[in-house]
Amino acid sequence: MADPRPQRRPIIAIDGPAGAGKSTIARRLARHFGLLNLETGAMYRAFALKALRLKISLGDGPALERLAAETSIRLEPGEEENRVLLDGEDVTGLIRNPAVTDAASQVSVHPRIRAWMVGLQQQLGAAGGVVMEGRDIGTIVFPNAEVKIFLDAAPEVRGLRRFDQLGPAHNAQPEEVIRDLRARDERDRNRPDSPLHPAPNAVLLDSTHMTLEEAVAAAQAIVIAKLGSAGSQP
Ligand code: DC
């Protein structure tokens, strides 16, 4: 007899360090397979922006927890990047600068902040049909995701990609960008709660020697191998 329970649409989890190409690859996969793209890093960034604005110490877990209790963060899928609403304000254009980037990594260390974010992310992806990218999607947020990809690349390559993305308006040397990225990696990989690491059943994709197009093609092939050519199941 057919199972009467409605089947959830698939979840594709993409995790990995900064600059590995997660956002672009997640966006391209979502478009290709007709899924929603959700960037969880943008949620940590929006919360970090609020903490910076209110001058709350990024190391003060209880103060951040109180702040979280009176904060609403919404993520809306968009054609290019996600739209992020912080207490109703569209902060999409304000969360990519280096100060917020570093602060996002700092606030994400606190277990209660993580628990709050994970709950929000689980609600967002509950119906499936999403490509969700971050650091702990395949390990904590959706351990039962149908497809898990851990995307990585050598730190120098990731740093140079980030440098190119920042563009000439950003007054930094490539070495500085690589140094900041290494520091953030270090923190994201070594925090006691949900450190960045591949889920045991994740497929590892190292894009060090790949062009973006090659990495996208490799990621598509991983999805097709897991889900079949349609990618998105009913
Ligand atoms: O992906 P990103 O660079 O926008 O993420 C910003 C920071 O947020 C990152 O340094 C660590 C944190 N983060 C996290 O801890 N867990 C996630 N699922 C996504 C991001």
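We count ligands from 1, going down the list as the structure has it; atoms in each ligand are counted the same way. Bear in mind that the values here come from a model prediction, so they are computed numbers and not experimental data. Computation of the quantities below employed the complete heavy-atom set of this structure, encompassing side-chain atoms and omitting hydrogens, waters and symmetry-equivalent molecules.
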Residue-ligand contact E39/ligand 1, heavy atom below 4.0 Å: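 For ligand 1, residue contact (heavy atoms, under 4.0 Å) with E39 is absent.
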Residue-ligand contact M117/ligand 1, heavy atom below 4.0 Å: no
Could you list the donor-acceptor pairs under 3.5 angstrom formed between side-chain atoms of residues 176-183 and any protein atom two or more places apart in sequence or on another chain?
| from | atom 1 | to | atom 2 | distance (Å) |
| --- | --- | --- | --- | --- |
| E176 | OE2 | Q173 | N | 3.3 |
| R182 | NH2 | E156 | OE2 | 2.6 |

Qualifying residues under ring pair (Phe, Tyr, Trp, His ring centres under 6.0 Å), relative to F47, sequence neighbours excluded: W116
Ionic contact status for D102 with R187, cut-off 4.0 Å: yes
When you measure from the side chain of [X] to the backbone of [Y], do you find a donor-acceptor pair of N or O atoms at a distance under 3.5 Å?
X	Y	value
N82	E39	yes
K22	P17	yes
K148	P200	no

Crowding at CZ, R74 (>12 non-hydrogen neighbours, <6.0 Å):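 No - once you tally the heavy atoms of other residues, nucleotides and ligands closer than 6.0 Å, there are 12 at most.
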Polar atom proximity, Q121 to ligand 1 (N or O, under 3.5 Å): no
Distance-only N or O hit between ligand 1 and R114, under 3.5 Å: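 So ligand 1 has an N or O lying under 3.5 Å from an N or O of R114.
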Joint hydrophobic cluster, L205 plus V131, side-chain heavy atoms closer than 4.5 Å: yes
In terms of residue, atom name and distance, what is the protein heavy atom nearest to [atom]?
atom	answer
atom 1 (O) of ligand 1	R135 NH1, 2.8 Å
atom 8 (O) of ligand 1	Y44 CB, 3.6 Å
atom 19 (C) of ligand 1	T40 OG1, 3.4 Å

I'd like to check which ligand 1 atoms, numbered from 1 as shown, lie under 4.0 Å from a non-hydrogen atom of [X].
X	value
S108	11 (C), 12 (C), 15 (O)
D188	9 (C), 10 (O), 11 (C)
R184	3 (O), 5 (O), 6 (C), 7 (C), 9 (C), 10 (O)
D136	16 (N), 17 (C), 18 (N)

Steps toward salt bridge (Lys or Arg N to Asp or Glu O under 4.0 Å) verdict (R45, E81): CA-CA 14 Å; R45 285 169 181 271; E81 57 184 358; over 6 Å; no
Backbone, side chain, both or neither: what part of [X] comes under 4.0 angstrom of ligand 1, heavy atoms only?
X	result
M43	neither
R45	side chain
R191	side chain

Option set A13, A20, G41, S194, criterion heavy-atom distance to atom 5 (O) of ligand 1, minimum: G41
Audit row: E146, R8, salt bridge (Lys or Arg N to Asp or Glu O under 4.0 Å) steps and yes/no: CA-CA 10 Å; E146 282 73 8; R8 174 172 71 58; 3.3 Å; yes
